[in-house]
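We count residues from 1, following the sequence as given.
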Amino acid sequence: MQYVIYGIASFFFLYGIILLAEGFYTTSAVKEMHSEFKTTACGRCISGMFVFLTYILGVAWLGVFGFSAVPVFMFYNMWSTCEVLKALSVNMTTSPDQICVDVRQYGIIPWNALPGKACGMALENICNTNEFYMSYHLFIVACAGAGATVIALIHFLMILSANWAYLKDASKMQVYHDIKTKEEQELQDIQSRSKEQLNSYT
């Protein structure tokens, strides 16, 4: 699992650099679209591929964000139950053995797993460990990181889609301007020839 995380981190680092370079390229091309703008079918194809790939990665990270929210919810419920156990020593309204956390209800372990729940002193011992709080904080950071990644991918997808649309429209406008310039040149040639013929008759 550790090597999978290293691989994903390396992939996203390289993908981020590629997206940054492609974003600079398309943005500079869009800025030049009123001057000598030229785009190729290969460039538009690469931009379209990045839009598709970013969309797929955004959907995948949305799933990661959803799955990382489950342990945060589970640990929050355990933490609030631990706080109830700590409050029992003050007001003694019920027995500590009646307060339990059943991990089986979250679907992480099967229903026939033993022990599936922790009650009383066993739960209090779990709550007093440093690993419990460290895991809780790490799951919160993982969930927040997945959420930030989803937001970043959606934001970049919007920018990339806009740049791709600008490139597509700009290439059509460039073709239109080329045809218009060619027609104007032909019209000027016809007019100059007709003037020469008129001058030759006179």
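Between Thr129 and Ile126 the shortest heavy-atom distance is OG1-O, 2.7 Å. Val72 and Cys143 get closest at one heavy-atom pair: CG2-CB, 3.9 Å. Here the closest non-hydrogen pair linking Cys127 and Tyr133 is O-CE1, 3.0 Å. The two residues Thr54 and Leu153 come nearest to each other via the heavy atoms CG2-O, 3.7 Å. Contact record, Ser68 with Ala146: OG-CB, 4.1 Å, taken as the closest heavy-atom pair.
One hydrophobic cluster, built from ILVMFWY side chains closer than 4.5 Å, cannot hold both Ile18 and Met158; they sit in different ones. Under a hydrophobic-cluster definition in which Ile, Leu, Val, Met, Phe, Trp and Tyr are linked whenever side-chain heavy atoms come within less than 4.5 Å, directly or via other members, Val70 and Val141 are assigned to different clusters. No chain of hydrophobic side-chain contacts below 4.5 Å, direct or via other Ile, Leu, Val, Met, Phe, Trp or Tyr residues, connects Phe156 to Ile151. Note on Ile56 and Tyr15: same hydrophobic cluster, where clusters join Ile, Leu, Val, Met, Phe, Trp and Tyr whose side-chain heavy atoms are under 4.5 Å apart, directly or indirectly.
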Determine whether Phe132 and Met78 satisfy the following criterion, side-chain contact (heavy atoms from CB on, under 4.5 Å), listing intermediate values before the conclusion. CA-CA 10 Å; Phe132 172 75; Met78 285 184 71; 3.9 Å; yes

Evaluate side-chain contact (heavy atoms from CB on, under 4.5 Å) for Phe11 paired with Leu57, printing each intermediate quantity in order. CA-CA 11 Å; Phe11 169 75; Leu57 289 172; 4.1 Å; yes

Dump the intermediate steps for side-chain contact (heavy atoms from CB on, under 4.5 Å) on Tyr76 and Ile140, then the final yes or no. CA-CA 10 Å; Tyr76 175 75; Ile140 290 173; over 6 Å; no

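Remark: Thr181 OG1 to Gln185 CD distance equals 9.0 Å, nearest 0.5 Å. Rounding to the nearest 0.5 Å places OH of Tyr136 at 10.5 Å from SG of Cys82.
Take Lys180 and apply the side chain to side chain contact (heavy atoms under 4.5 Å, CB included) test, not counting sequence neighbours, and it matches Tyr176, Glu184. Every residue meeting the side chain to side chain contact (heavy atoms under 4.5 Å, CB included) condition with Glu183, not counting sequence neighbours, appears here in chain and number order: Ile179.
The environment of Phe67 atom CZ is sparse: at most 12 non-hydrogen atoms of other residues, nucleotides or ligands sit within 6.0 angstrom. Sparse packing is recorded around CZ of Phe52, with 12 or fewer heavy atoms of other residues, nucleotides or ligands lying under 6.0 Å away.
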